[in-house]
Structure formats: structure tokens, C-alpha cells
Amino acid sequence: MLSFKNVNVSYHSDTILKNISLDVPSGRITTIIGPNGCGKTTLISSLNKTADLTDGSIVLEGTDLSKISSKERAKLIAFLPQIRQVIPAIPVKVLVEHGRFPHLGFSRRKTKEDTDIVNKAMDFTGVTKYSDMYVNTLSGGVRQRVFFAMILAQDCDTIILDEPTTYLDIEGQRNFYNMILSLKKRGKTVLLVLHDISKALEISDKIVVMNNSEIVFDGTPADCIESHIIEDVFSASCRRLKDEKGEYFLFE
Ligand SMILES: Nc1ncnc2c1ncn2[C@@H]1O[C@H](COP(=O)(O)OP(=O)(O)OP(=O)(O)O)[C@@H](O)[C@H]1O
């Protein structure tokens with residue numbers, strides 16, 4: 001279990017996260033939704049120390065994350081941020097190998113196991129055929145899969161993805177969600193930030209709704225629908241659609 005305990009983040013006098021407590025269950029998909037600027041990225045970035053906590057703690061399986069080095073943390077949690085300012089001009093395979101860095105010793109010498117994990121991550125994300133191409137020459141969608149391969153190569157049990165489908169077309173999104181579901185089947189803990197509320201409700205075991213720096217709902221997708229919190233928070237209306245495959249919710 002990953003637990004945020006009374007987490008507060010402030011920048012100067014602005015409160016960005018207000019007393020956030022949240023349990024992210026192991027082996028499940030948890031998705032955070034909420035309007036622009038409510039604090040979603042700040043919350044998950046606090047796992048990566050890019051947003052330092054003003055107060056509170058984050059505990060993973062009994063380990064307080066502030067008490068371990070960033071290298072140790074990178075063996076436990078793989079984090080794919082939403083925005084990457086610099087796209088490295090290096091071959092795809094070299095970038096994916098970066099995912100192994102937390103596991104390598106000082107010499108950074110790779111073992112056969114490291115190479116196998118990198119190859120598996122590239123196969124899983126369908127980027128093997130781009131191995132020798134330079135990351136900065138790829139389309140945004142392929143590049144996103146390459147970064148995903150890199151964080152899978154970290155081989156962590158907990159995977160955090162901030163808006164992972166932003167650069168993807170419909171087929172790319174479908175493939176991505178299938179990958180996420182198959183990671184869950186392998187027992188991985190997945191924490192997502194998504195703007196696609198319908199998809200969040202469809203694939204998640206747990207939904208977290210944030211608004212104005214706080215968590216305003218935390219529970220199952222079914223309870224989230226019943227609570228009508230999404231309509232309130234986004235000033236939206238909800239349409240329920242049913243077909244032979246199931247029930248869907250569209251928010252407008
Ligand atoms: N480094 C920073 N310094 C000051 N304010 C910041 C910093 N980073 C984020 N903020 C502010 O914190 C608030 C929350 O931002 P955050 O990116 O966490 O929101 P979000 O819910 O992820 O938004 P979006 O849906 O637009 O990605 C915003 O008001 C933002 O301007």
C-alpha cells in the first residue's frame with residue numbers, strides 16, 4: 001500500500017495541497033481526476049520529490065519515502081511525468097536502458113538480466129523496431145511509448161503516470177489502456193492522472209476526485225457515479241449509455 005498521510009504543499013504563501021490523506025492499494029489501478037490546477041500533478045510529483053512536502057509524509061509498504069535516497073526510491077516507484085522539457089537526442093534503446101540506472105552499480109555495467117528487462121519493456125510497448133532511431137526524431141505518440149518503456153525497465157512494483165495518453169491517437173490510447181490493464185494483471189500498482197473521466201471510471205479500481213487542493217471523493221467508480229461529485233466539481237452533466245458490452249458515462 002502507498003499512503004499519503006496529511007500531505008501539505010505550499011509555494012510561498014499559496015497552498016497547493018491541503019491535508020491530503022490517501023491510500024493507493026497495491027495491485028490495483030487508482031486514478032486521480034479533477035479540474036485544471038487543482039493539484040493533481042503536484043500530488044503525484046511529491047512521490048518523486050519534485051514537489052517537496054511542506055508537511056506530512058508518504059509511506060510505501062512501511063517505508064517513509066523521505067527517509068530513503070532518490071536511487072532507492074527509483075527502485076520502488078517509476079514515475080512518468082506529463083511534460084518533458086528536453087527530448088534527448090539519443091537512440092531509443094539507450095534511453096530505455098536509462099530505466100536500469102537505479103539498479104546498476106558505480107560502473108553502470110549491465111548484466112544479461114538488465115538487457116532482458118530492457119528488451120521485454122521494449123517488446124511490451126511495441127518500440128523494438130525503433131531501437132536504433134533517435135528519440136528526438138520520433139512522433140509524439142511513439143516517443144511516449146519509448147518513455148513508457150524506459151520507466152517499465154525500472155521494473156518497479158509501483159508505476160505513476162501523469163496524463164499518459166496526451167500524445168496518443170485513438171488506437172494509441174486503446175493500446176496504452178490495454179497495457180495498463182495488463183500491468184495490473186501482473187500485480188503492479190498503477191496510479192494515474194487522467195483527464196478522460198469516462199476512461200478513468202472504466203479502467204480504475206479506485207477513483208480520487210480532487211478540487212481546490214483537496215480530495216473531495218475517494219472510492220469505487222460506482223460510488224463516484226452515484227455521488228454525482230463529478231457533475232458538481234466540473235459543472236458537467238452526465239449521460240449514461242448502455243450496450244451489450246456494458247454501461248458508459250459521458251460527461252459534457
Ligand atoms: N513550482 C511551482 N511554483 C508555484 N506554483 C506552482 C508550482 N507548480 C505548480 N504550481 C501551482 O499549483 C497549482 C496546482 O498545479 P498542478 O500542476 O498540480 O495542477 P493539476 O491539477 O495537475 O493541473 P492540470 O490539470 O492543468 O495539469 C496551480 O495553481 C499551479 O499554478
Side-chain angles (χ1 to χ4, degrees), residues 2-24 29-58 60 65-66 70 73 77-87 140-141 143-144 147-148 151 158-169 172-173 176-177 180 189-204 206-219 221 224 227 229-238 249-252:
L2 170 67
S3 300
F4 295 81
K5 296 176 187 272
N6 305 107
V7 165
N8 288 274
V9 171
S10 305
Y11 293 118
H12 310 293
S13 58
D14 294 335
T15 301
I16 311 295
L17 295 179
K18 217 182 287 172
N19 209 31
I20 300 277
S21 289
L22 170 67
D23 287 334
V24 178
I29 299 173
T30 299
T31 303
I32 305 172
I33 58 176
N36 290 133
C38 68
K40 305 178 296 294
T41 294
T42 307
L43 181 62
I44 60 167
S45 299
S46 64
L47 288 163
N48 205 26
K49 276 277 216 161
T50 49
D52 281 325
L53 308 190
T54 314
D55 202 3
S57 60
I58 307 174
L60 176 63
L65 294 182
S66 70
S70 51
R73 207 169 40 243
I77 298 177
F79 178 71
L80 185 62
Q82 182 183 12
I83 296 166
R84 281 170 288 282
Q85 263 110 11
V86 182
I87 305 299
R143 209 181 277 167
Q144 182 68 349
F147 279 103
F148 191 38
I151 64 140
T158 303
I159 297 167
I160 318 289
L161 306 167
D162 193 356
E163 276 297 322
T165 56
T166 303
Y167 301 96
L168 304 179
D169 62 20
Q173 292 184 23
F176 211 92
Y177 289 124
I180 287 166
T189 304
V190 182
L191 177 60
L192 300 169
V193 169
L194 290 182
H195 278 298
D196 185 339
I197 299 172
S198 305
K199 205 69 197 174
L201 292 166
E202 190 185 321
I203 66 160
S204 309
K206 180 167 182 161
I207 294 284
V208 178
V209 184
M210 288 187 70
N211 197 22
N212 296 328
S213 313
E214 291 181 289
I215 290 178
V216 293
F217 175 88
D218 164 4
C224 185
S227 73
I229 188 86
I230 294 173
E231 289 98 311
D232 287 350
V233 163
F234 290 92
S235 306
S237 58
C238 175
F249 302 91
L250 291 181
F251 294 89
E252 301 170 313

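All of these numbers come straight from a predicted model, not from anything done at the bench. Just follow the structure's listing: the first ligand is 1, and inside any ligand the first atom is 1. Below, all heavy atoms of this structure are taken into account, side chains as well, without hydrogens, waters or symmetry copies. The residues of the chain are indexed from 1 along the displayed sequence.
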Legend entry - Student check: side-chain heavy atoms of Leu43 and Val208 closer than 4.5 Å: no
Inset, instruction - Have a look at ligand 1 and work out which part of His195, if any, has a heavy atom under 4.0 Å from it: side chain, backbone, both or neither. - result: side chain
Legend entry - Closest non-hydrogen atom pair, Asn19 against Asn8: N-OD1, 2.9 Å
Legend entry - Pro35 and ligand 1 - part of the residue with a heavy-atom distance under 4.0 Å: backbone
Legend entry - Criterion side-chain contact (heavy atoms from CB on, under 4.5 Å) against Phe217, the qualifying member of Val233, Val209, Ile230: Val209
Inset, instruction - Return a yes/no value for Gly37: is any of its N or O atoms, backbone included, closer than 3.5 angstrom to an N or O of ligand 1? - result: yes
Legend entry - Other residues, nucleotides, ligands: >12 heavy atoms within 6.0 Å of Asp169 CG: yes
Inset, instruction - Measure the distance from atom 27 (O) of ligand 1 to every protein heavy atom, then report the residue, atom name and distance (to 0.1 Å) of the closest one. - result: Gln82 OE1, 3.7 Å
Legend entry - Any protein heavy atom < 4.0 Å from atom 1 (N) of ligand 1: yes
Inset, instruction - May I ask you to list the atoms of ligand 1 that are less than 4.0 angstrom from any heavy atom of Gly39? - result: 14 (C), 18 (O), 19 (O), 20 (P), 21 (O)
Legend entry - Taking atom 5 (N) of ligand 1 as the reference point, the nearest protein heavy atom with its distance: Tyr11 CD1, 3.3 Å
Inset, instruction - Below 4.0 angstrom from a heavy atom of Lys40, which ligand 1 atoms are there? Numbered from 1 as shown, please. - result: 18 (O), 19 (O), 20 (P), 21 (O), 22 (O), 23 (O), 24 (P), 25 (O)
Inset, instruction - For residues Gln82 and Val193, determine if any side-chain heavy atom of one lies less than 4.5 Å from a side-chain heavy atom of the other. - result: no
Inset, instruction - Could you tell me which non-hydrogen atom of Ser10 sits nearest to which non-hydrogen atom of Thr54, and how far apart they are? - result: N-OG1, 2.8 Å
Inset, instruction - Answer side chain, backbone, both or neither: which part of Ile16 comes under 4.0 Å from ligand 1, heavy atoms only. - result: side chain
Legend entry - Identity of the nearest option to atom 18 (O) of ligand 1, non-hydrogen atoms only, from Thr42, Ile33, Leu194: Thr42
Legend entry - Location of contacts on His12 toward ligand 1, heavy atoms closer than 4.0 Å: neither
Inset, instruction - Kindly state if atom 30 (C) of ligand 1 has a protein heavy atom within a strict 4.0 Å cut-off, that is, under 4.0 Å? - result: no
Inset, instruction - Could you pull out the closest heavy-atom pair between Ile20 and Met210, with the gap in Å? - result: CD1-CE, 4.0 Å
Legend entry - Test of proximity, Gly34 against ligand 1: N or O pairs below 3.5 Å: no
Inset, instruction - Looking only at non-hydrogen atoms, find the nearest pair between Leu194 and Glu163 and report the distance. - result: C-OE2, 2.9 Å
Inset, instruction - Could you check which of Asn36, Thr166, Thr41 puts a non-hydrogen atom nearest to atom 22 (O) of ligand 1? - result: Thr41
Legend entry - Gap separating the NE2 atom of His195 from the OG1 atom of Thr166, nearest 0.5 angstrom: 7.5 Å
